A.B. asks: 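Here it is, the structure, as structure tokens.
Values in this document were obtained by computation on a predicted structure and should not be read as measured data. Lettering follows sequence order; numbering is per chain, from 1.
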Amino acid sequence: MNFMEYNFRAIEQKWQTYWLENKTYKTDIRNDKPKFYVLDMFPYPSGAGLHVGHPLGYIASDIYSRFKRQQGFNVLHPMGYDAFGLPAEQYAIQTGQHPAVTTARNIARYREQLDKIGFCYDWDREIRTSEPDYYKWTQWAFIQMFNHYFDTTLQKAQPIASLVSHFETKGTEGIRAHCSEELSFTADEWKAYTEKEQQEVLLNYRIAYLADLKVNWCPALGTVLANDEVSEGLSVRGGHPVEQKVMRQWSLRVSAYANRLVSGLDTLEWTESLKETQKNWIGRSEGAEMKFFLKDSDVEIDIFTTRADTIYGVTFMVLAPESELVKVCTTAAQTEEVEAYLDWTKKRTERERQADRKVTGVFSGSYAINPVSGTEIPIWIADYVLAGYGTGAIMAVPAHDSRDYAFARHFNLPIIPLIEGCDVSEESFDAKEGILMNSGFLNGLTVKEAIQKTKEYLVEKAIGRVKVNFRLRDAIFSRQRYWGEPFPVFYKEGMPYMLDETKLPLVLPEVDKYLPTEKGEPPLGRAANWKTEEGYPLELSTMPGFAGSSAYYLRYMDPGNDKELVSRTANEYWRSVDLYIGGTEHATGHLIYSRFWNKFLFDLGLVCEEEPFRKLINQGMIQGRSNFVYRIKNSNTFVSLNLKDQYETTPIHVDVNIVHNDQLDLEQFRNWNPEYRTAEFILEDGKYICGWAVEKMSKSMYNVVNPDDIVERYGADTLRLYEMFLGPLEQSKPWDTNGIDGVHRFLKRLWSLFYRDGKSMLNDEKPTADELKILHKTIKKITTDIENFSYNTSVSAFMICVNELYSLKCNKKAILEPLVALLAPFAPHIAEELYHLLGNSGTVCDASFPKHNEEYLVESVINYPVSFNGKVRFTMSLPAALDKAEVERIALADENTQRFLNGAAIKKVIVVPGKIINIVC
RNA sequence: GCCCGGAUGGUGGAAUGGUAGACACGAAGGACUUAAAAUCCUUUGGCCUCACGGCUGUGCGGGUUCAAGUCCCGCUUCGGGUACCA
């Protein structure tokens with residue numbers, strides 16, 4: 001097939017068909033090649049389809065995959081769908097349409113859009129989390145978590161059976177297991193427990209466990225949510241209010257892995273900011289746990305503090321309203337007041353509590369004794385102390401903690417400063433610096449020394465211990481929804497049991513409606529025969545969104561395996577993801593859960609790498625760029641941007657797809673909306689220029705750009721190059737179609753080096769030194785740019801290269817052939833066409849990636865800028881071979897130098913060979 | 001509040017401490033064309049100058065250096081994350 005001009009539609013269609021028919025992107029284990037695993041965060045297939053923001057990361061990973069393949073790696077680059085989720089279910093509730101139907105339709109649409117962009121995915125490995133043969137392994141992993149506990153000494157998961165045998169011989173003595181609550185019983189007591197009691201005890205240790213928890217309940221969605229699915233008291237999906245509620249729910253003991261989740265970060269090539277986000281979320285803090293005693297009683301109140309050094313400044317204690325000690329500490333006289341306060345706090349939603357930071361609290365009536373100073377201090381109850389963190393009780397040091405300070409001021413409690421020279425008359429002194437005073441044996445020490453000394457003292461006197469606390473909470477794993485993985489769980493006497501693995505997958509049943517039952521049970525309560533063969537009822541909740549995405553990268557290694565999640569052979573070959581590209585929004589959700597899940601499987605010896613994602617790149621968000629027209633008040637007349645100030649106008653969003661380079665297509669505008677059929681315009685220079693603003697990309701702003709439309713108009717290669725040209729990959733930027741003509745022009749110009757006026761321009765002439773220099777400079781630049789994910793500068797390097805070859809009228813195969821191989825990762829369609837035009841067969845995907853030759857890059861002459869006191873005045877060309885002294889001598893002798901010196905004395909001359917000459921005078 | 005990023009022409013952006021503004025868009029002028037599109041050529045940070053050329057310039061104020069967009073200190077401001085976490 002010959003093309004008169006760059007006919008991208010025909011070219012792209014031709015090669016997409018070829019790649020499909022020849023299974024160009026099929027991947028298998030190849031022991032003769034090193035592997036490389038490139039992964040995109042798989043999408044949730046929403047009804048809206050892809051907009052131009054979605055492919056940004058996919059294009060970046062595609063370029064890298066193709067690059068690695070051309071360098072001789074066996075590249076695994078799969079794609080699939082995170083197909084369970086709320087939107088399909090909400091849609092089902094409204095329409096009665098089964099979520100599987102909408103999901104399948106959306107996937108088909110996604111696939112069609114993805115195919116048009118020419119990605120090198122191995123679609124034979126596609127997975128969908130909502131397919132039973134996939135979620136079988138999600139259910140299977142859950143069973144393993146149920147059957148294991150976390151040994152805190154070994155810092156790894158162990159079979160629950162070994163815990164049971166320990167209980168049988170020694171009870172809880174010497175148990176080092178991560179648990180919800182510290183238990184204590186003997187072997188005999190254990191044996192005396194009923195089956196039900198034993199099961200209840202074991203739930204306290206299991207990695208997947210059922211417990212009564214204070215959860216985030218979202219009434220509008222009718223389900224509980226994990227902490228990362230709630231932001232500022234509202235659900236992340238939908239923005240509905242969330243309240244706190246105690247419910248019996250499945251949870252994953254993610255917190256057991258907190259230590260390893262923090263330390264593992266050091267082994268990863270992630271950005272510092274992402275590691276920092278995870279560290280903050282996990283929230284490791286080193287401190288001390290300390291025992292206070294209730295006055296005249298042996299009731300013990302444990303507190304956690306990171307400022308053990310401030311012990312002499314404790315002037316009161318505070319309990320969280322939910323603390324079990326509240327009842328114990330409340331005196332008869334205070335009961336009424338305390339109960340009124342508890343009632344009030346219970347009614348407050350999380351959102352109200354966060355929005356309204358008024359100081360509130362109530363005195364319990366009791367006093368505690370400071371274990372170090374022996375001072376008597378009042379015990380208060382206040383909701384600024386959280387039940388879920390530390391021990392739910394604090395020692396308050398108003399002089400050195402701003403929250404305690406506000407509280408002390410409000411209730412007129414004493415404030416004792418402990419740092420020499422600090423001023424606490426207006427605010428607390430929170431900094432961890434200074435010299436201690438008013439602090440008994442700690443006086444004269446620095447804060448750091450005092451913290452250490454206090455910790456030693458606590459241990460010595462047995463009134464406390466060194467403790468590391470984590471902010472990370474266990475992940476709530478139940479959702480009261482339909483469209484998710486069913487739990488492989490049945491109930492016997494109210495206790496949960498796992499289905500036998502041979503019964504997996506437990507397939508999601510049909511229901512008549514996707515709503516809770518009349519009794520308020522989740523939708524699965526509507527399913528007929530939702531019980532085991534033996535008649536035991538099955539779990540009614542389903543798993544959350546992150547369940548299916550937690551181990552999907554493993555499944556891609558061996559997607560068809562019906563015996564195992566992944567075979568040992570496949571896992572040992574592909575190991576872990578070498579490059580993972582996706583958005584930062586998953587920093588505290590998916591990326592924590594996946595790491596946890598993988599570490600658990602690693603502990604069981606089922607996967608060979610402890611960390612799933614070695615290198616991770618976050619592509620920036622593509623924001624919308626909206627266009628506006630300006631309607632003159634009370635008329636149907638629109639005035640162009642630069643004339644609008646002469647009138648009283650209202651800005652109106654206009655569909656960006658009928659605006660080109662900020663110029664409105666008047667005809668399309670009139671047809672866009674019947675209201676504008678009769679619109680009149682006041683133009684500038686015969687054009688209507690629109691205003692613009694950067695906003696979120698959304699339908700209501702009419703700024704959604706569909707990649708299909710871009711492909712239709714310019715071709716996939718232009719879309720790919722343009723998305724990369726837009727700016728640095730990791731930076732957020734607005735989508736702005738202005739400028740796309742530039743990269744399209746580049747491809748046309750490249751084409752014209754090969755083919756012009758209907759005939760081939762190619763020749764076999766020997767390249768000149770200049771041409772070789774252009775080529776090799778480009779090879780070098782592109783190679784380092786790809787390795788640094790600096791794709792925007794790659795595209796400009798290609799433009800420079802083609803512009804230079806164009807002005808040299810270079811149509812030599814010897815230059816153009818390597819150039820095509822170099823461009824192939826970025827613009828595979830045109831590269832494939834040109835590769836064949838050059839007489840090659842097979843696919844450009846296997847053309848080896850060119851290597852630059854430094855010999856061609858040697859400069860013989862250098863254009864030295866000569867500056868005086870750092871200010872450049874003129875340049876001079878000198879042979880590159882000259883050494884420092886010679887350059888200096890020639891430069892000083894130059895008449896220009898004498899002119900700019902103008903008689904001044906030279907103090908110093910700096911010569912950086914190959915760079916610059918600077919004369920100080 | 002705390003943590004992490006940014007701030008460079010009309011616009012997107014380039015620049016291992018070494019000629020700021022590469023590359024591209026837009027704009028202006030020109031060639032070709034009946035015209036448009038496409039293509040090609042020229043100019044394009046600001047100010048002064050007929051010109052040669054000069055001055056100025058990377059959010060603000062200091063500093064280090066022969067030399068700072070780049071390093072250090074102090075601010076302003078815009079994003080993102082996170083929060084009564086003791």
A.B. asks: Less than 6.0 angstrom from the centroid, inside 45 degrees of the normal: does Arg403(A) satisfy that with respect to the ring of Tyr384(A)?
C.D. replies: no
A.B. asks: Is it the case that Ser790(A) and Asn788(A) place a side-chain donor and acceptor less than 3.5 Å from each other?
C.D. replies: no
A.B. asks: Should A35(B) form a Watson-Crick or G-U wobble pair with both distances under 3.5 Å, which nucleotide is its partner?
C.D. replies: none
A.B. asks: Report the base-pairing partner of G9(B) (Watson-Crick or G-U wobble, both distances below 3.5 angstrom), or none.
C.D. replies: none
A.B. asks: Would you kindly check if the NZ (Lys) or CZ (Arg) of Arg595(A) is within the cone defined by 45 degrees around the ring axis of Trp281(A) and under 6.0 Å from the six-membered ring centre?
C.D. replies: no
A.B. asks: Using a heavy-atom cut-off of under 4.0 Å over every strand shown, decide if Ser796(A) touches base, sugar-phosphate, or nothing.
C.D. replies: base
A.B. asks: If pairing requires Watson-Crick or G-U wobble contacts with both distances under 3.5 Å, which nucleotide is the partner of G1(B)?
C.D. replies: U82(B)
A.B. asks: Look at the side chain of Val872(A) and decide which nucleotide, out of C23(B), C4(B), U19(B), has an atom nearest to it.
C.D. replies: U19(B)
A.B. asks: From the list A38(B), G18(B), G13(B), which nucleotide is the closest neighbour of the side chain of Lys748(A)?
C.D. replies: A38(B)
A.B. asks: For Phe874(A) and U19(B), what is the distance between atoms CZ and P respectively, to the nearest whole Å?
C.D. replies: 16 Å
A.B. asks: Ignoring hydrogens and geometry, is there a side-chain-to-backbone donor-acceptor pair from Tyr688(A) to Gln663(A) under 3.5 Å?
C.D. replies: no
A.B. asks: Would you say Asn792(A)'s side chain and Phe725(A)'s backbone share a donor-acceptor pair under 3.5 angstrom?
C.D. replies: no
A.B. asks: Roughly how many Å is it from NZ in Lys884(A) to P in C66(B), rounded to a whole number?
C.D. replies: 14 Å
A.B. asks: Look at all strands and tell whether Arg873(A) reaches a base, only sugar-phosphate, or nothing, counting heavy atoms closer than 4.0 Å.
C.D. replies: sugar-phosphate
A.B. asks: Could you check whether Asn469(A) gets within reach of a base, just the sugar-phosphate, or nothing at all, counting any heavy atom under 4.0 Å?
C.D. replies: nothing
A.B. asks: Mind checking the P distance from A22(B) to A14(B)? Whole angstroms is fine.
C.D. replies: 13 Å
A.B. asks: Between Glu427(A) (CD) and C84(B) (P), how many Å, whole number?
C.D. replies: 21 Å
A.B. asks: NA contact type, Leu386(A), heavy-atom cut-off 4.0 Å: base, sugar-phosphate, or nothing?
C.D. replies: base
A.B. asks: If you find the nucleotide of RNA chain B closest to Arg403(A) and the one closest to Ile916(A), which residue's nucleotide is nearer the 5' end?
C.D. replies: Ile916(A)
A.B. asks: Of the listed nucleotides (U82(B), C66(B), A24(B)), which one gets closest to any side-chain atom of Val920(A)?
C.D. replies: C66(B)
A.B. asks: With a 4.0 Å cutoff (strictly under), does any side-chain N or O of Asn618(A) reach OP1 or OP2 of G5(B)?
C.D. replies: no
A.B. asks: Using a 4.0 Å heavy-atom cut-off across all strands, classify Pro734(A) as base, sugar-phosphate, or nothing.
C.D. replies: nothing
A.B. asks: Show each protein N/O and nucleotides 26-28 of chain B N/O combination with a separation under 3.5 Å, one pair to a line.
C.D. replies:
from: G26(B); atom 1: OP1; to: Asn661(A); atom 2: ND2; distance (Å): 3.1

A.B. asks: The side chain of Ile910(A) lies closest to which of these nucleotides: G12(B), C66(B), U19(B)?
C.D. replies: C66(B)
A.B. asks: Met799(A) side chain: which of A24(B), C41(B), A86(B) is closest?
C.D. replies: A24(B)
A.B. asks: Please classify the nucleic acid contact of Phe407(A) as base, sugar-phosphate, or nothing, using heavy-atom distances under 4.0 Å.
C.D. replies: nothing
A.B. asks: Is a donor from one side chain sitting under 3.5 angstrom from an acceptor on the other, for Asn627(A) and Asn703(A)?
C.D. replies: no
A.B. asks: Would you measure the distance from the P atom in C78(B) across to the matching atom in G54(B) and give it in whole Å?
C.D. replies: 40 Å
A.B. asks: Using purine N1 to pyrimidine N3 plus N6-O4 or O6-N4 for Watson-Crick, or N1-O2 and O6-N3 for G-U wobble, both under 3.5 Å, which nucleotide pairs with C75(B)?
C.D. replies: G59(B)
A.B. asks: Assign G45(B) to syn or anti; the rule is syn for a glycosidic angle within 90° of 0 and anti otherwise.
C.D. replies: anti
A.B. asks: Is the charged tip of Arg625(A) near the ring of Trp692(A): under 6.0 Å from the six-membered ring centre and within 45° of its axis?
C.D. replies: yes
A.B. asks: Let me know the distance between CD1 of Ile381(A) and P of A86(B), rounded to the nearest Å.
C.D. replies: 22 Å
A.B. asks: Given A14(B), is OP1 or OP2 found less than 4.0 Å from the side-chain N or O atoms of Asn792(A)?
C.D. replies: yes
A.B. asks: Carefully, step by step, assess Thr345(A) and Thr360(A) under the rule side-chain contact (heavy atoms from CB on, under 4.5 Å).
C.D. replies: CA-CA 9 Å; Thr345(A) 55; Thr360(A) 65; 5.5 Å; no
A.B. asks: What about the rings of His400(A) and Tyr405(A), do their centers lie closer together than 6.0 Å?
C.D. replies: no
A.B. asks: Strictly by modelled atom types, are Ser867(A) and Asn918(A) linked by a side-chain donor-acceptor pair under 3.5 Å?
C.D. replies: yes
A.B. asks: Do the non-hydrogen side-chain atoms of Leu458(A) and Met290(A) ever get within less than 4.5 Å of each other?
C.D. replies: yes
A.B. asks: Taking any strand in view, what nucleotide pairs with G21(B) in a Watson-Crick or G-U wobble way, both distances under 3.5 Å?
C.D. replies: none
A.B. asks: Under a 3.5 Å cut-off for both distances, is G29(B) Watson-Crick or wobble paired, and to whom?
C.D. replies: C41(B)
A.B. asks: Roughly how many Å is it from CG in Asp383(A) to C1' in C84(B), rounded to a whole number?
C.D. replies: 9 Å
A.B. asks: Starting from P on U19(B), measure out to CZ on Phe868(A) and report it in whole angstrom.
C.D. replies: 16 Å
A.B. asks: Measuring from the side chain of Val912(A) (C-beta onward, heavy atoms only), which nucleotide among G13(B), U39(B), G18(B) has the closest atom?
C.D. replies: G18(B)
A.B. asks: So what does Lys871(A) touch, heavy atoms closer than 4.0 Å: a base, only the sugar-phosphate, or nothing?
C.D. replies: sugar-phosphate
A.B. asks: Measure CD/Gln623(A) against P/C78(B) and give the value in whole Å, please.
C.D. replies: 16 Å
A.B. asks: Taking the minimum atom-to-atom distance to the side chain of Ile800(A), which one of U82(B), A22(B), G18(B) wins?
C.D. replies: A22(B)
A.B. asks: Side-chain N or O of Gln731(A) versus OP1/OP2 of G13(B): is the shortest distance under 4.0 Å?
C.D. replies: yes
A.B. asks: Looking across every strand, which nucleic acid part, if any, lies under 4.0 Å from Val909(A) by heavy atom: base, sugar-phosphate, or nothing?
C.D. replies: nothing
A.B. asks: What's the closest nucleotide to the Asn918(A) side chain, out of A67(B), C23(B), U82(B)?
C.D. replies: A67(B)
A.B. asks: Give a yes/no on whether any side-chain N or O of Lys733(A) is located under 4.0 angstrom from OP1 or OP2 of G12(B).
C.D. replies: no
A.B. asks: Once you apply a heavy-atom cut-off of 4.0 Å, does Arg749(A) come out as touching a base, just sugar-phosphate, or nothing?
C.D. replies: sugar-phosphate
A.B. asks: Give Phe746(A) one of three labels, base, sugar-phosphate or nothing, depending on what nucleic acid heavy atoms sit under 4.0 Å from its own.
C.D. replies: nothing
A.B. asks: Provide the distance between the two C1' atoms, one in C66(B) and one in U76(B), to the nearest whole Å.
C.D. replies: 32 Å
A.B. asks: Starting at atom NE2 of His586(A), determine the distance to atom C1' of G81(B), rounded to an integer number of angstrom.
C.D. replies: 15 Å
A.B. asks: Ring centroid separation for Trp735(A) and Tyr722(A), is it under 6.0 angstrom?
C.D. replies: yes
A.B. asks: Among A86(B), G81(B), U19(B), which is the nearest nucleotide to the side chain of Tyr389(A)?
C.D. replies: A86(B)
A.B. asks: Need to verify one output field. Residue with the more 5' nearest nucleotide on RNA chain B, Gly392(A) or Lys915(A)?
C.D. replies: Lys915(A)
A.B. asks: Can you identify which nucleotide, out of C66(B), G54(B), U11(B), has its nearest atom closest to the Phe900(A) side chain?
C.D. replies: G54(B)
